[in-house]
Amino acid sequence: MSEPTSSGDVRIDWQKARDANRENWDDRVPLHVEAYGLDAFDDPAHLSDVVRTDAAALAPFLPQGFAGLDVCHLQCHIGTDTLSFARLGAHVTGVDFSAPALEAAAALAARMGLDADWVETDVLDAAAAVGSEFDLVYTSIGTITWLEDLNRWAAQVAQLLRPGGTFYIRDGHPVLYGLDETRDELVHRFRYFENGRALAWDDEGTYAGDGTVAHPRTYEWPHPISSVVNALLGAGLRIVHMDEGRTLPWRFSPRMLEVDGEYVWPAEERDLVPCTFTIVAVKD
Ligand SMILES: C[S@@+](CC[C@H](N)C(=O)[O-])C[C@H]1O[C@@H](n2cnc3c(N)ncnc32)[C@H](O)[C@@H]1O
């Protein structure tokens with residue numbers, strides 16, 4: 001399969017870029033339904049690896065557990081993480097702009113015998129589209145680089161939380177995203193800082209499965225950690241924890257090694273770059 005290629009910075013209208021991204025995400029759904037290992041969810045004890053990690057990270061902040069909590073999962077894709085929270089006893093609402101992704105999520109919920117609500121919307125319009133408040137707003141692994149305006153995103157998060165509610169994000173670290181994943185050493189190639197433009201990508205493949213998409217062009221927006229923090233603070237949230245991790249739930253680079261179902265750089269490089277960041281914030 002061909003490598004993803006970037007034609008670099010482009011000026012593009014948000015709605016045009018978002019529509020191109022949505023077509024690409026719609027195309028990925030059947031490939032991910034095949035590749036995400038959905039059969040594993042037939043075991044009633046099975047949780048996604050992502051939620052197993054995140055539930056443990058959230059435990060100090062939600063000591064009462066997830067049972068009975070109202071959870072809103074932003075950019076829920078085909079629902080594997082959303083429904084893992086449902087399995088932990090939460091009332092879940094999954095939000096995504098891809099209708100095929102939500103159809104696949106609803107089919108998985110039916111197969112698992114779980115209730116869930118699914119809302120089709122641009123995440124930047126999520127508060128009005130969902131129209132209720134939650135104890136936990138959650139988003140993870142492959143989210144904010146798809147968004148141009150982090151302040152608008154953080155405002156949605158704040159509006160979706162009830163007072164006392166918790167926000168949690170774990171995502172790829174912007175330093176990681178600056179690396180050229182095709183090189184045989186750690187080489188920075190892509191922008192860390194924002195400049196008002198998108199990075200255009202062409203990739204017929206996707207991170208899970210071998211098939212190809214009909215709409216290979218996507219647009220992403222690098223956001224430095226300071227922008228994420230400042231967007232959440234600006235929306236009135238109180239940040240109570242940050243973390244940076246050395247492992248990823250997907251193989252970012254062919255050079256990454258699989259260890260216990262996660263991906264890491266070779267040992268001598270493992271302390272050189274962060275792979276993920278995590279932020280926990282509270283609405284007072
Ligand atoms: C990498 S997935 C993240 C989900 C999760 N980590 C997983 O693997 O199931 C990214 C999701 O973001 C959604 N997405 C991208 N841009 C969006 C937007 N502007 N509004 C709503 N959803 C969006 C895509 O449809 C996709 O389902």
Side-chain angles (χ1 to χ4, degrees), residues 4 12-38 40-41 47-54 71-86 92-106 108-109 116 118-130 137-150 152-157 160 168-172 176-177 198 201 203 205-209 213 215 217-221 223 248-252 261-263 275-276 278:
I12 181 162
D13 168 70
W14 159 246
Q15 286 182 14
K16 256 195 202 159
R18 181 194 59 186
D19 290 349
N21 287 344
R22 189 175 39 70
E23 289 178 329
N24 174 270
W25 278 107
D26 288 353
D27 290 350
R28 294 196 207 202
V29 168
L31 309 180
H32 290 180
V33 165
E34 288 301 313
Y36 262 47
L38 301 186
F41 286 90
L47 302 177
S48 71
D49 291 341
V50 168
V51 166
R52 225 173 305 118
T53 298
D54 292 336
V71 174
C72 183
H73 180 187
L74 301 179
Q75 295 178 245
C76 66
H77 198 39
I78 61 173
T80 48
D81 299 332
T82 327
L83 294 166
S84 296
F85 280 112
V92 296
T93 299
V95 172
D96 205 282
F97 70 174
S98 166
L102 296 180
E103 281 160 25
L108 182 62
W118 307 105
V119 180
E120 182 187 331
T121 179
D122 183 344
V123 69
L124 298 186
D125 299 324
V130 174
V137 174
Y138 169 88
T139 198
S140 69
I141 309 298
T143 60
I144 54 174
T145 61
W146 299 105
L147 309 177
E148 180 182 42
D149 184 345
L150 277 196
R152 186 164 149 197
W153 165 78
Q156 306 304 305
V157 170
L160 286 164
Y168 179 94
I169 180 171
R170 176 168 64 107
D171 212 332
L176 178 86
Y177 289 152
W201 289 93
D203 186 1
T206 178
Y207 54 84
V213 296
H215 299 90
R217 168 53 65 99
T218 59
Y219 300 94
E220 294 189 56
W221 290 266
H223 298 295
L248 280 179
W250 86 99
R251 196 190 291 276
F252 169 80
E262 296 227 277
Y263 297 94
C275 285
T276 57
T278 299

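In this chain, numbering begins with 1 at the start of the sequence shown. Everything numeric in this text was worked out from a predicted model, so none of it was measured. Atoms within a ligand are numbered from 1 in the order they appear, just like the ligands themselves.
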Query - Residue list, side chain to side chain donor-acceptor pair (under 3.5 Å) with Thr93, at least two apart or on another chain - result: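 Applying side chain to side chain donor-acceptor pair (under 3.5 Å) to Thr93 gives none.
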Query raised in the report: Centroid-to-centroid, Trp14 to Trp221, below 6.0 Å?
Result: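 Between Trp221 and Trp14, which both carry aromatic rings, the centre distance is below 6.0 Å.
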Requested in this report: Please determine if Lys16 and Asp19 form a salt bridge, counting it only when a charged side-chain N lies under 4.0 Å from a carboxylate O.
Outcome: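 Salt bridge between Lys16 and Asp19, a charged N being under 4.0 Å from a carboxylate O: no.
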Query raised in the report: Under 30°, 30 to 60°, or over 60°: which ring-plane class applies to Tyr36 and His32, parallel, tilted or perpendicular?
Result: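 If you compare the ring of Tyr36 with that of His32, the planes turn out parallel.
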Query - Residues Ser98 and Asp26: side-chain donor-acceptor under 3.5 angstrom - result: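 Short answer, yes.
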Measure from every N or O atom of ligand 1 to the protein's N or O atoms and keep only the pairs below 3.5 Å, writing each with atom names and distance to 0.1 Å.
unit_1: ligand 1; atom_1: 6 (N); unit_2: Ser140; atom_2: O; d: 3.0
unit_1: ligand 1; atom_1: 6 (N); unit_2: Ile141; atom_2: O; d: 2.7
unit_1: ligand 1; atom_1: 8 (O); unit_2: Tyr36; atom_2: OH; d: 2.5
unit_1: ligand 1; atom_1: 12 (O); unit_2: Gln75; atom_2: NE2; d: 3.1
unit_1: ligand 1; atom_1: 19 (N); unit_2: Asp122; atom_2: OD1; d: 3.1
unit_1: ligand 1; atom_1: 20 (N); unit_2: Val123; atom_2: N; d: 2.8
unit_1: ligand 1; atom_1: 22 (N); unit_2: Phe97; atom_2: N; d: 3.2
unit_1: ligand 1; atom_1: 25 (O); unit_2: Asp96; atom_2: OD1; d: 2.6
unit_1: ligand 1; atom_1: 27 (O); unit_2: His77; atom_2: ND1; d: 2.8
unit_1: ligand 1; atom_1: 27 (O); unit_2: Asp96; atom_2: OD1; d: 3.4
unit_1: ligand 1; atom_1: 27 (O); unit_2: Asp96; atom_2: OD2; d: 2.7

Query raised in the report: Are Arg28 and Trp25 in a cation-pi setup, meaning NZ or CZ lies under 6.0 angstrom from the ring centre and within 45 degrees of the ring axis?
Result: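 Ring-cation test returns yes.
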